[in-house]
Asker: 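Okay, handing you the structure first.
In this text, all values refer to a predicted model and were calculated from it rather than measured experimentally.
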Amino acid sequence: MSEHGVTILRLGYRLGRDPRITTHLALVARALGAQRFLFSGDEDKKMQENISSVNQRFGGDMEIEHIKSPMAWLCLLYTSPSPRDVEES
């Protein structure tokens with residue numbers, strides 16, 4: 001695993017239609033050690049609270065965050081130097 005941690009990005013969340021699959025995705029990400037779970041699309045405070053509740057009950061400190069502009073986040077990620085690029089320079 002990277003020293004920077006694992007971040008999962010769920011694109012296009014739809015309130016009222018996708019909460020179950022998105023919650024499962026977040027919980028699997030948490031179980032596999034992800035540090036952050038980001039989702040775009042509709043904002044859903046209840047889903048965020050449910051995932052946070054699981055973190056509190058079963059341990060873990062995965063951050064859950066809604067992002068309004070996933071493409072800007074992906075572009076930032078893409079243009080950031082990777083640890084390997086920094087070590088080689």
Asker: Quick one: NZ on K45 to CG on N50, what's the gap to the nearest 0.5 Å?
Answerer: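 Rounded to the nearest 0.5 Å, the NZ-CG separation comes to 13.5 Å.
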Asker: Any side-chain heavy atom of T7 within less than 4.5 Å of one from L38?
Answerer: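 In short, these two side chains touch, coming nearer than 4.5 Å.
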Asker: Can you give me every donor-acceptor pair (side chain of residues 58-68, partner residue at least two apart or in another chain, under 3.5 Å) with its distance?
Answerer:
unit_1, atom_1, unit_2, atom_2, d
E65, OE1, R36, NH2, 3.0
H66, NE2, G41, O, 2.8

Asker: Above 12 or not: heavy atoms from other molecules or residues under 6.0 Å from CZ of R20?
Answerer: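 At most 12 heavy atoms, drawn from other residues, nucleotides or ligands, come within 6.0 Å of this atom.
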Asker: Is I51 reachable from I21 through a run of hydrophobic residues whose side-chain heavy atoms are each under 4.5 Å from the next?
Answerer: no
Asker: Can you check side chain to side chain contact (heavy atoms under 4.5 Å, CB included) on N55 and R30, steps first, answer last?
Answerer: CA-CA 8 Å; N55 280 337; R30 177 197 156 278; 2.9 Å; yes
Asker: Do F39 and L9 come close enough that some side-chain heavy atom pair is under 4.5 Å?
Answerer: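 No; the side chains remain at least 4.5 Å from each other.
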Asker: Let me check something: do V6 and L25 share a hydrophobic cluster, defined by ILVMFWY side-chain heavy atoms less than 4.5 Å apart, either directly or through other members?
Answerer: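 Yes, V6 and L25 fall within the same hydrophobic cluster.
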Asker: Applying the side chain to side chain contact (heavy atoms under 4.5 Å, CB included) criterion to M47, which one of D18, T22, D42 satisfies it?
Answerer: T22
